[in-house]
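Every chain is numbered from 1, with letters handed out A, B, ... down the list of sequences.
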Amino acid sequence: MVINHKILENAGAIIKNYIASENIFTEGESANYYFQIVSGNVKMNNYDESGKESIQHLLEKGDCIGESLLFVDRSYPMNAVALNSCEILSLTKEKFLALLKENPKICFEMNKSISEKLYYKQIMAQNMCTQSPTVKLKTLMDYMKSFGCVEKRFTFQIPLTRQQMANLTGLCVETVIRALKKMERDGKLLTENGKILY
DNA sequence: TCATTAAAGTTAT
DNA sequence: ATAACTTTAATGA
């Protein structure tokens, strides 16, 4: 969790509820709130001209959404969409910035949060340029696994659908499936009724 | 080699 | 039930 729940509520944050596929914000809007997930999952995405979806980030409980836009005078370059029922704490930009000014510890946590997302972006930016689909998927899965507690081989279940992995890497689903099968053949991962163990 | 299209099977809502 | 996801196969850049 980036900011303590109580602190946020004391600062004036309220809980908003969202249903699956509901937009939290959309591309082009200006950022007026700080959002932090209490429960549920959220994706940040874009669509290209042909309608193909690209997923920027997948977020879960404790993560904040689009916080970097609160520090620059720009509109959102992507959408934030609830993947399931979500409870999200929201605090106005003004109150959020005031909270940071008077609380260095929270400010530090915010830096950590933004840096973590930047780290992911840096890894993926390089990844997207690499040609090989297996390398792209390996990089993505290594990153996901780095959050898992257990380090044993084939114990971490990738919490993504193949469709999501395709949208995260810019590959098409069919290529993801073929690449994963190849990796399974090469003993890089295990599969258990569709679930990927890495 | 990978994307695209199509078609069919499977899972989740 | 219906939509979303998975898989296989054929074709083309």
Among all residues two or more places apart in sequence or in another chain, which pass the side-chain hydrogen bond (donor to acceptor under 3.5 Å, both in side chains) test with [X]?
X	answer
A:Asp63	none
A:Ser146	none
A:Asn10	none

Indicate every side-chain donor-acceptor pair of residues 108-116 of chain A with a distance under 3.5 Å to a residue at least two apart or in another chain.
unit_1, atom_1, unit_2, atom_2, d
A:Asn111, ND2, A:Cys107, O, 3.0
A:Ser113, OG, A:Glu67, OE2, 3.4
A:Ser115, OG, A:Asn111, O, 2.7
A:Glu116, OE2, A:Tyr143, OH, 3.0

Q. When you list every nucleotide of DNA chain B with an atom under 4.0 Å from a heavy atom of chain A, which one comes first 5' to 3', and which comes last?
A. B:dC2 to B:dA6
Return a table of donor-acceptor pairs under 3.5 angstrom between the side chains of residues 170-181 of chain A and protein atoms on other chains or two or more places apart.
none

Q.
Tell me the interatomic distance from A:Ile55, atom CD1, to C:dC5, atom C1', rounded to whole angstroms.
A. 13 Å
(Q) With the threshold set at under 4.0 Å for non-hydrogen atoms, list the residues of residues 156-170 of chain A touching DNA chain C in residue-number order. (A) A:Thr161, A:Arg162, A:Gln163
Q: Please list, by residue number, the residues of residues 180-191 of chain A whose heavy atoms come closer than 4.0 Å to an atom of DNA chain C; answer none if no residue qualifies.
A: A:Lys181
Pairs under 3.5 angstrom only: tabulate donor-acceptor contacts from the side chains of residues 17-26 of chain A to other protein residues two or more places apart or in another chain.
unit_1, atom_1, unit_2, atom_2, d
A:Glu22, OE1, A:Ile19, N, 2.9
A:Thr26, OG1, A:Glu29, OE2, 2.8

Q: Report yes or no: do A:Ile106 and A:Leu97 belong to one cluster of Ile/Leu/Val/Met/Phe/Trp/Tyr joined by side chain heavy-atom distances under 4.5 Å?
A: yes
Q) Can you get from A:Ile88 to A:Met78 by hopping between Ile, Leu, Val, Met, Phe, Trp and Tyr side chains that sit under 4.5 Å apart? A) yes
Q. Side chains of A:Thr130 and A:Ser132: donor-acceptor distance under 3.5 Å anywhere?
A. no
Q: Enter the inter-axis angle for the ends of the helix from B:dT1-C:dA13 to B:dT13-C:dA1 (five pairs per end, rounded to 10°).
A: 20°
Q: Show your reasoning for whether side-chain contact (heavy atoms from CB on, under 4.5 Å) applies to A:Met165 and A:Lys136.
A: CA-CA 10 Å; A:Met165 294 176 86; A:Lys136 287 187 181 183; over 6 Å; no
Less than 3.5 Å apart, which donor and acceptor atoms pair up between the side chains of residues 188-198 of chain A and the rest of the protein, not counting sequence neighbours?
unit_1, atom_1, unit_2, atom_2, d
A:Thr191, OG1, A:Lys195, O, 3.3
A:Tyr198, OH, A:Asp142, OD1, 2.6

Produce the list of close N/O pairs, under 3.5 Å, pairing protein atoms with atoms of nucleotides 9-11 of chain C; give distances to one decimal.
none

